[in-house]
Each structure stands twice: as C-alpha cells, then as structure tokens.
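For reference, the structure is listed below as structure tokens.
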Amino acid sequence: MAGNSAFVIRQGRGWQRGLANFLTAELAGWFGTRTWLTHLLIWVGMIDGILLVTLVTMQRDVGAVTDLEVATTGAMIYSIFSGYFAAIGVVIIMQDAIVGEKLSGTAAWVLSKPLSRAAFVLTKLFGNMAGILVMMILIPGLIAYVIISLVGLGEWLPFLPFLAAMACLGVALIFAQTFTLMLGTLFNNRGAVIGLGLAFLFGQQFLVQMAPVLWKVLPVGIFLNAEPDAPSLTAALILGQPLPSLQPVWWGIGLSVLFVVVGLWRFEKTEL
Amino acid sequence: MTDTYSHVIETRGLSKAFNGVQALQNLDLRVPKNSIFGFLGPNGAGKTTTIKLMLGLIQPSGGGGRVFDMDILKDSVEIRSRVGYLPQEPRFYEHLSARQTLTFTAGFFFKGPQKAIADRVQEMLELVGLEEKADRAIKGFSGGELQRLGIAQAQVNYPDLLILDEPAASLDPMGRHDILELMERLRKYTTIFYSTHILNDVQKVSDTVAILNRGELLSLGPIEALLAGSEGPVFTLTLVGVSEEIAQQVRSQTWVNSLQITDAGDGKASWMVAVSDPQAAEGQLLRLVLSEPEARVLDFRRRRYELEDVFMQMVEGDDGGK
C-alpha cells in the first residue's frame with residue numbers, strides 16, 4: 001500500500017481479524033447513542049415499574065399479607081418479566097442483527113473489508129449481549145433488588161444469591177439471543193426469524209406440558225416451576241429457599257453454545 | 001516486501017451458478033499491475049458476480065482465482081486488507097455520518113495514530129466534495145452523495161487494488177469527470193478494476209478491457225488492440241483515377257494483408273487495406289498510390305473503431321448465436 005507509512009497497520013489473520021474495530025462500532029451503537037437510554041427506560045419501566053406498583057399495592061393491604069409473601073410475589077414477578085418478557089424483547093432486537101445486514105447490503109460492504117465472517121457473527125453476539133445484559137439484566141436487576149428488599153421484605157436480601165438469580169436470567173436471555181442469531185444466519189427473511197423466535201418462546205409452555213422432561217432443558221425452567229405453587233429457580237435463589245434443578249441453566253448454556261456454533265458454520269457459507 | 005507477480009488478478013476457469021443458472025462460465029482473466037482495467041458487459045453479464053467472487057463474498061462453483069498471488073478462497077481476508085471496493089449500490093450504516101463511516105472503515109486497516117486517521121478521513125471527504133455534509137447522518141444522502149462516499153471509503157486505506165462496480169452510476173457529468181480524473185491520478189499507485197456501462201469513459205481511461213456477456217468472456221486485451229478491430233490495422237482510402245496496376249503493386253507489398261476495392265460512385269473507388277505493419281503503411285501506402293500520375297486521393301485515414309461499435313458487435317454477435 002502506497003502512502004500509508006504514517007499509520008500503525010492492523011495485522012493478524014484468522015477468525016479475530018476485524019473483530020476489535022467492528023465490536024467497538026457495535027458497542028458504540030448501544031452505548032454511544034441514545035439507544036441505551038431508550039432500552040433503559042423500556043426495561044426499567046417494564047420490569048421495575050410493574051414490580052414496584054405491584055408490591056406497593058400489596059403492602060397497602062396491611063395485615064392481609066406478610067412481608068415474606070410480598071417479597072415472594074416480587075421475586076416471581078421479577079423472574080417472569082426478566083426471563084420471559086425480556087426474552088421477547090431480545091428476539092425483537094436480534095431479529096434484524098444478521099438478516100437486516102444481509103438484506104440491506106451492509107453485511108456485504110463490511111465483509112469487503114478485512115473482517116472475518118466469524119468476527120462478524122461474534123460481534124453481533126457479544127456487542128448485543130453486552131447491551132442486553134446491562135440494559136435488561138444488570139440495571140433493572142439492581143433496581144429490583146432494592147424494590148424487593150425494601151418495599152417487599154423490609155430488609156436487605158442476601159446480595160450474592162440475588163446476583164446468581166440475575167445470572168440465571170441472563171442465561172435465559174442469552175438462549176433467546178443465540179437462538180435468534182442462529183435463525184438470522186439460516187434465513188434471509190425477517191418474518192421467518194422473528195416468527196420462529198417468538199413461536200419458540202411462546203411455545204415453551206406448551207412443549208413442557210407435552211413433554212415434562214423439557215422443564216429441565218428449556219429456559220422456561222429457570223423462571224417458572226413445573227409445580228405451580230413452588231418457586232422457580234430464580235425466585236428460590238432470591239428468597240434463599242431450596243433450589244429446584246439447576247439443569248435448565250446448564251442446558252441453556254450448552255444450547256446457546258451450540259446455536260453460536262451452528263450460526264458460525266452457516267454464516268461461513270452464506271453468499272452475500 | 002516486493003511483489004513478484006505481474007498480474008494483480010488471475011482467474012482460471014472461474015465459474016458460478018445460482019440455483020442451476022450459470023452466471024459465470026470458465027472465466028480466465030488476467031489483470032496487469034497498475035492498469036486501469038475496464039470490465040464491460042450488459043446487465044446480467046456476470047460482472048458483479050466476478051467482483052464478489054474475487055472478494056470472497058460468494059464462493060465459486062468451479063475454477064478459482066488469485067489476487068496479489070493469493071488464493072481467493074483461502075486468503076480472502078488478507079486480500080481484502082489490500083483492496084478498496086465500491087459496491088454497485090453502496091449501502092452504509094444510516095445512523096453514522098460520512099466522517100464516522102470513513103473512520104469506521106479506516107479502523108479495519110489502521111490501529112492509529114488517531115490524528116493520522118482523522119487527517120486521512122478529512123482528505124477523503126475533501127476529495128469527494130462531502131466536507132460540508134461530513135457530520136450529517138447519511139440517512140438523508142442522495143444516490144450521488146452515497147456514491148461519492150463509496151468512492152471515498154474505497155480509497156481510505158491506500159489500496160493496491162481498487163475495485164469499482166459501476167463507479168459513475170448515479171453521478172452527474174461533473175461527478176463522472178471527477179471520477180475519471182481521479183482514476184488517472186491513482187494509476188501510478190494502484191491497479192483499478194472497474195465495471196461500467198459507460199463505454200466513453202472506458203475508452204478515455206482504460207488501458208486494458210474485458211468484455212463479458214452471459215457469463216462468458218468475449219474479449220480481453222489492450223484497448224488499442226480491441227479498437228483496431230479483429231482484422232488488425234486497416235487503412236481506408238477514397239481515390240479517383242487509380243489503375244488496377246497500382247492496386248496489384250499495393251497487394252504485392254509484404255506488409256499488406258489484403259486489399260478490398262469497392263465502387264463509391266461518381267468514378268470514385270473506396271479501398272480498404274488491411275496491413276501487418278501500420279508504420280510501413282503510413283510511410284509507403286500513399287506514395288505507392290500517388291506514383292500513378294492521374295491518381296487523386298480524396299480521403300486517407302487509419303480505421304479506428306469506437307469502443308461502442310466493438311462492444312455492440314461482440315455482444316450482438318454473441319446473442320445472435322444463442
């Protein structure tokens with residue numbers, strides 16, 4: 001290259017080529033624009049707003065419920081909203097991440113630069129994962145911790161178990177994220193990606209009814225319990241109660257890795 | 001590192017089929033270093049397919065190719081680190097400004113220093129006349145402005161090979177003129193491979209040309225050879241009062257391949273002399289004719305085809321045979 005002696009040239013071969021630059025841009029898309037504020041308002045409003053209103057309403061019925069019952073309800077509401085409704089948001093966010101770029105032509109443009117296909121997929125994975133975990137798990141979770149502790153129980157809940165519950169809910173969202181990412185590499189149609197993504201999320205309850213063994217496999221087992229009156233895994237963690245099976249977490253992690261591997265494999269062969 | 005290859009792009013039997021439809025068939029292409037290579041063909045000829053194959057955006061169904069003597073399949077990322085590419089319809093991230101787009105592009109090639117990158121970005125913005133819109137989101141850019149931004153981003157890394165897919169599309173005549181001037185200026189630094197429909201532009205700047213139709217290469221070579229026609233250099237004369245004896249003398253010259261005489265009316269004869277040595281023809285042909293005292297030469301010129309004629313002949317001839 002003529003004329004580039006004033007620059008420090010990026011070197012390196014293999015899958016990580018272009019990752020740093022593309023990931024920086026992807027993260028800037030989340031945190032360098034108003035996107036973060038929009039998401040923060042949506043998720044804090046949805047998760048913590050509803051949680052707060054519910055717990056304050058319950059506490060007004062003085063004598064009818066105990067603080068522990070209020071905290072238990074809070075833990076369940078937080079688990080379902082963070083693990084289930086936020087997962088719907090994840091599918092909506094991710095449906096365009098790969099397909100949108102394929103259809104608009106930006107994927108072809110950016111891959112005409114020294115960017116490996118693996119780096120493209122991993123950027124979409126990790127860039128969005130950072131945004132999802134911060135805006136949908138970390139910040140709403142910390143606020144929920146304060147609400148459930150102070151409005152619900154009237155004292156501070158143990159923090160580390162609550163943090164572990166947040167991590168488990170993060171697994172549920174990453175499952176939804178990687179599943180949608182994989183669909184994005186398999187299809188060239190937004191409708192197919194969002195349709196299959198949401199159908200799977202909504203269909204989990206039916207699947208576990210048909211085959212109860214799936215409670216231990218699907219992420220629904222993280223934020224709901226097979227026994228309707230028993231606390232879910234995350235609620236049990238928050239409340240310090242005996243834990244149901246941890247298998248949905250391990251399955252969630254394993255399947256997420258599988259989805260990423262399939263996505264990487266498929267995108268290598270994608271024609272742009 | 002000194003490059004030892006003489007051809008920046010070499011393909012051998014490069015083929016591509018989409019769902020059973022052959023888009024490119026056995027393409028053997030050789031693009032000399034530091035050439036301005038015009039890649040011509042009607043819509044659907046396979047030009048963009050060829051470019052995408054060279055950039056690794058799609059994979060060949062058969063054959064292969066090398067760019068900078070590196071394999072287009074195995075070394076795609078390395079190849080792209082030395083290429084600048086303008087897509088036929090440039091698409092960028094619409095929330096970014098032109099400056100951010102160029103800085104992002106430069107980031108794939110350069111780690112720093114940030115000041116040098118910022119200077120290079122500014123230089124590119126000025127080069128394509130986008131400095132006043134540099135900090136606006138490109139969402140509202142016109143087709144011409146996107147094209148200019150596309151040209152800027154293709155050059156930001158000082159590429160050894162600039163691939164331009166229809167670079168003058170969406171540009172007004174001034175913009176087209178600027179592009180051609182820019183290509184001339186870059187010739188000493190880089191090889192330019194560009195596809196276009198605008199044959200006048202190709203004739204102005206290209207030194208090597210390939211013509212593609214229906215996925216098949218119809219012609220490849222220096223533009224001078226192409227414009228000279230398939231029968232080699234030809235001189236045409238319009239004459240009055242030239243005898244058959246002089247015609248025989250002309251035919252007997254070692255540098256004359258053929259002489260065709262047609263009646264042009266009003267006692268005039270039209271000669272078409274195909275030669276092997278144009279310099280000998282320029283020096284001797286007129287003298288031979290005028291050795292006849294009665295002879296008068298009304299017109300004498302070397303036949304030169306316009307690229308459009310050559311292109312139309314080839315493409316129509318090819319289509320006619322299908």
Side-chain angles (χ1 to χ4, degrees), chain A residues 1-35 38 96-97 100-120 123-124 127 188 266-272, chain B residues 16 18 49 51-59 75-96 100-101 103-117 119-120 123 150 153-161 163 165 186 188-190:
Chain A
M1 270 182 270
N4 61 5
S5 54
F7 299 91
V8 181
I9 309 290
R10 281 198 194 274
Q11 303 286 351
R13 288 175 176 237
W15 64 269
Q16 80 277 28
R17 186 72 193 254
L19 180 66
N21 186 52
F22 198 37
L23 187 56
T24 304
E26 190 74 18
L27 289 171
W30 268 94
F31 300 102
T33 63
R34 287 184 185 165
T35 302
T38 309
D96 215 31
E101 296 231 16
K102 282 197 287 188
L103 294 178
S104 71
T106 48
W109 170 61
V110 84
L111 284 162
S112 73
K113 309 301 172 200
L115 171 70
S116 75
R117 291 187 177 223
F120 181 94
T123 290
K124 293 294 167 189
N188 285 328
R266 183 67 188 89
F267 198 66
E268 279 297 328
K269 298 174 181 304
T270 298
E271 308 231 302
L272 297 166
Chain B
K16 178 67 186 173
F18 294 104
T49 299
I51 288 172
K52 287 188 167 187
L53 284 165
M54 291 190 301
L55 290 169
L57 296 174
I58 56 177
Q59 297 189 348
D75 307 310
S76 177
V77 177
E78 196 57 31
I79 288 169
R80 284 181 268 137
S81 71
R82 295 173 61 186
V83 170
Y85 168 53
L86 168 70
Q88 189 171 7
E89 290 175 11
R91 293 280 183 270
F92 307 111
Y93 296 113
E94 292 189 336
H95 63 282
L96 297 181
Q100 287 170 325
T101 300
T103 307
F104 169 63
T105 307
F108 283 112
F109 303 93
F110 310 129
K111 278 186 196 168
Q114 289 310 309
K115 168 81 171 67
I117 292 174
D119 289 348
R120 178 64 177 165
E123 188 188 346
Q153 61 81 33
Q155 290 176 71
V156 77
N157 58 316
Y158 303 92
D160 292 327
L161 169 63
I163 298 177
D165 198 355
L186 289 172
K188 62 182 171 186
Y189 304 112
T190 185

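Here is how names work: the chains are called A, B, and so on, in the same order as the sequence lines, proteins then strands, and each is numbered from 1.
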Shortest non-hydrogen separation from B:R91 to A:S104 and the atoms involved:
CG-O, 2.9 Å
Classify the angle between the aromatic ring planes of B:F108 and A:F22 as parallel (below 30°), tilted (30 to 60°) or perpendicular (above 60°).
tilted
Applying a strict 4.5 Å limit to non-hydrogen atoms, the region of B:I117 in contact with chain A is both
pair B:F92-A:T106: side-chain heavy atoms closer than 4.5 Å:
no
State whether the side chain of B:R80 and the backbone N or O of A:L115 hold a donor-acceptor pair below 3.5 Å, judged by distance alone.
yes
Using a 4.5 Å cut-off on heavy atoms from C-beta on, say whether the side chain of A:F7 contacts that of B:N157.
no
Cut-off 4.5 Å, heavy atoms of chain A, and the answer for B:K111 is both
Using a cut-off of under 4.5 Å for heavy-atom pairs, which of B:L55, B:L57, B:I58, B:L161 has the most such pairs with chain A?
B:L57
Does any backbone or side-chain atom of B:Q59 lie under 4.5 Å from a heavy atom of chain A? Answer side chain, backbone, both or neither.
both
Can you say whether B:E94 sits under 4.5 Å from chain A via the side chain, the backbone, both, or neither, judging by heavy atoms?
neither
With heavy-atom distances below 4.5 Å as the criterion, would you say the side chains of A:W109 and B:E89 are in contact?
no
Taking only Lys NZ, Arg NE, NH1 and NH2, and the carboxylate oxygens of Asp or Glu, determine whether B:K16 and A:E271 approach each other closer than 4.0 Å.
yes
Does any non-hydrogen side-chain atom of A:K113 lie less than 4.5 Å from one of B:F109?
yes
Which bit of B:D75 is near chain A, if near means a heavy-atom gap under 4.5 Å: side chain, backbone, both or neither?
side chain
